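Please read the structure below before turning to the comments.
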Amino acid sequence: MKDEIKQYINNHIVENPNIDLNKLSVLTEPDELHYLASVVNWDIHIPLIEWIVKQSICSEATALMIFWQAQPQDFTVYRWNETQIKEDIPVFHLIKIIIINYINGFYLKTDIHYNPANDKKDISVIPDFMYKDVKGEEPYSIYDEQDVKSWFGEYLNKQINSCSSTMDLYGIACNLPILGNIDTVFHILRHPLCDKGIAFMLFWRFEPIVSEDILKQFISEICQKNYPEIIEYKHDWNNSKAMWNIPEIMMKPV
């Protein structure tokens, strides 16, 4: 890969949430797409990642890497045609695009290597207690979802800091958009009114899209806090019952 292409990716794409996809025609080689996929910011670039897996120069290795970084095993509890997963829908849509294209032989066979074991999370890093429901008051939100989604920066932090009850804090946490808000999540986790129900709800909403390092930080944060059980949290999925299976071909190194 040419140095100028790598520099362009690092300087103009990686942390740019408003990248014009039409300008990415400068990327013309499979290894350039692979490098972009390896450094892309998942918090702000789901459309860009989808663009990568739709390109005719995308390699099998690149598509497979993106597939496993999306944590597809977490989406097997949803029906294949599920549409009620809120902000997770773009990631689930991405996973399905890759599976269909991969099975149909859409991706290039190149000398780029990838082993799914590199990105498959070790489920043992998640403590057993994280899989248990939380007892407490049935949650409700006093905020309008669209209002919360319009808050950002200092104003959002001010709204969080001004919460006067755990249910008040829950109203913000449950309506918080997933993409680009991991710092806000930790701000909520450290709020004196945060309880176990809010912590668990946020963990399982963000778990499918965060990196391994952030996941470990998330777990560490929760384990260090002796959160009270104030608001109820029930898992809306069943670990033991998959609605669809990841194709065997997606598990083989390339």
Side-chain angles (χ1 to χ4, degrees), residues 42-43 68-80 82-92 95 116-117 119-143 145 148 160 163-179 181-246:
W42 278 77
D43 286 341
W68 285 106
Q69 287 180 349
Q71 294 302 305
Q73 64 270 27
D74 296 327
F75 289 84
T76 60
V77 296
Y78 299 116
R79 294 187 302 273
W80 184 254
E82 181 64 70
T83 59
Q84 303 297 317
I85 335 176
K86 298 183 179 180
E87 288 86 354
D88 283 344
I89 280 290
V91 180
F92 194 19
I95 289 169
D119 288 305
K120 290 175 66 175
K121 291 177 182 173
D122 182 359
I123 199 65
S124 65
V125 304
I126 302 178
D128 290 342
F129 76 88
M130 294 295 301
Y131 295 93
K132 297 180 180 179
D133 293 339
V134 178
K135 297 180 180 180
E137 181 181 356
E138 183 176 351
Y140 60 86
S141 175
I142 65 173
Y143 298 104
E145 180 179 359
V148 176
I160 294 172
C163 288
S164 58
S165 70
T166 299
M167 196 65 74
D168 194 4
L169 185 64
Y170 172 84
I172 296 177
C174 72
N175 290 313
L176 189 70
I178 289 182
L179 301 181
N181 277 294
I182 193 62
D183 289 339
T184 303
V185 167
F186 282 102
H187 186 55
I188 292 174
L189 290 176
R190 293 161 187 162
H191 194 285
L193 293 175
C194 185
D195 81 319
K196 186 179 290 187
I198 292 175
F200 277 28
M201 182 268 294
L202 287 173
F203 176 86
W204 288 112
R205 284 188 66 201
F206 280 78
E207 188 270 343
I209 67 169
V210 299
S211 67
E212 186 76 17
D213 288 341
I214 292 179
L215 179 66
K216 291 178 180 178
Q217 183 182 355
F218 214 140
I219 294 172
S220 176
E221 191 77 28
I222 293 176
C223 289
Q224 289 177 28
K225 299 288 194 305
N226 185 23
Y227 289 119
E229 294 191 16
I230 299 175
I231 294 177
E232 178 185 66
Y233 175 77
K234 291 184 177 181
H235 293 287
D236 57 0
W237 42 262
N238 184 341
N239 269 344
S240 62
K241 184 178 180 181
M243 303 299 292
W244 57 278
N245 295 316
I246 296 175

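As the structure is a computational prediction, the values presented were derived from the model and not from experiment.
Atom CG of Asp88 and atom CD1 of Ile95 lie 9.0 Å apart (nearest 0.5 Å). Rounding to the nearest 0.5 Å gives a distance of 8.5 Å between CG of Asp195 and CE of Met167. In this structure, CD1 on Ile230 lies 7.5 Å from CG on Leu193, to the nearest 0.5 angstrom. Within the model, atoms CG of Asp133 and NZ of Lys196 stand 11.5 Å from one another, a figure rounded to the nearest 0.5 Å. To the nearest 0.5 angstrom, Glu138 atom CD is 8.0 Å from Lys234 atom NZ. Residue Leu202 holds its CG atom at 7.0 Å from SG of Cys194, rounded to the nearest 0.5 Å.
A heavy-atom distance below 4.5 Å is found between the side chains of His187 and Ile160. Looking at Phe206 and Leu215, their side chains never come closer than 4.5 Å, going by heavy atoms from C-beta outward. Side-chain atoms of Ile198 and Ile231, non-hydrogen and from C-beta on, do get closer than 4.5 Å to each other. The side-chain heavy atoms of Asn175 and Tyr170, taken from C-beta on, include no pair separated by under 4.5 Å. Annotation: side chain of Tyr143 is in contact with side chain of Asp168 (closest heavy-atom distance under 4.5 Å).
For the 3.5 Å distance criterion, the side chains of Gln71 and Gln69 fail to qualify, holding no donor opposite an acceptor.
Not counting sequence neighbours, the partners of Lys225 by the salt bridge (Lys or Arg N to Asp or Glu O under 4.0 Å) test are Glu221. For Ser220, the side-chain hydrogen bond (donor to acceptor under 3.5 Å, both in side chains) test picks out Gln224, with sequence neighbours left out.
Judged by distance alone, with hydrogens and angles left aside, the side-chain atoms of Arg205 form no donor-acceptor pair with the main-chain N or O of Pro177 at under 3.5 Å. No donor-acceptor pair closer than 3.5 Å links the side chain of His235 to the backbone N or O of Trp204.
Taking the six-membered ring where tryptophan is involved, the planes of Phe218 and Phe186 are tilted, since the angle between them lies from 30° to 60°. Using a 30° and 60° split on the angle between ring planes, Tyr78 and Phe75 fall in the tilted class, from 30° to 60°.
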Q: Kindly determine whether Glu229 and Lys135 satisfy salt bridge (charged side-chain N to carboxylate O under 4.0 Å, His left out), including the steps that lead there.
A: CA-CA 6 Å; Glu229 294 191 16; Lys135 297 180 180 180; over 6 Å; no
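Taking the centre of each ring, Phe200 and Tyr227 stay at or above the 6.0 Å mark.
Minimum heavy-atom separation, Trp68 to Gln73: CZ3-OE1, 3.6 Å. The two residues Val185 and Leu176 have their closest heavy-atom pair at CG2-CD2, 4.0 Å.
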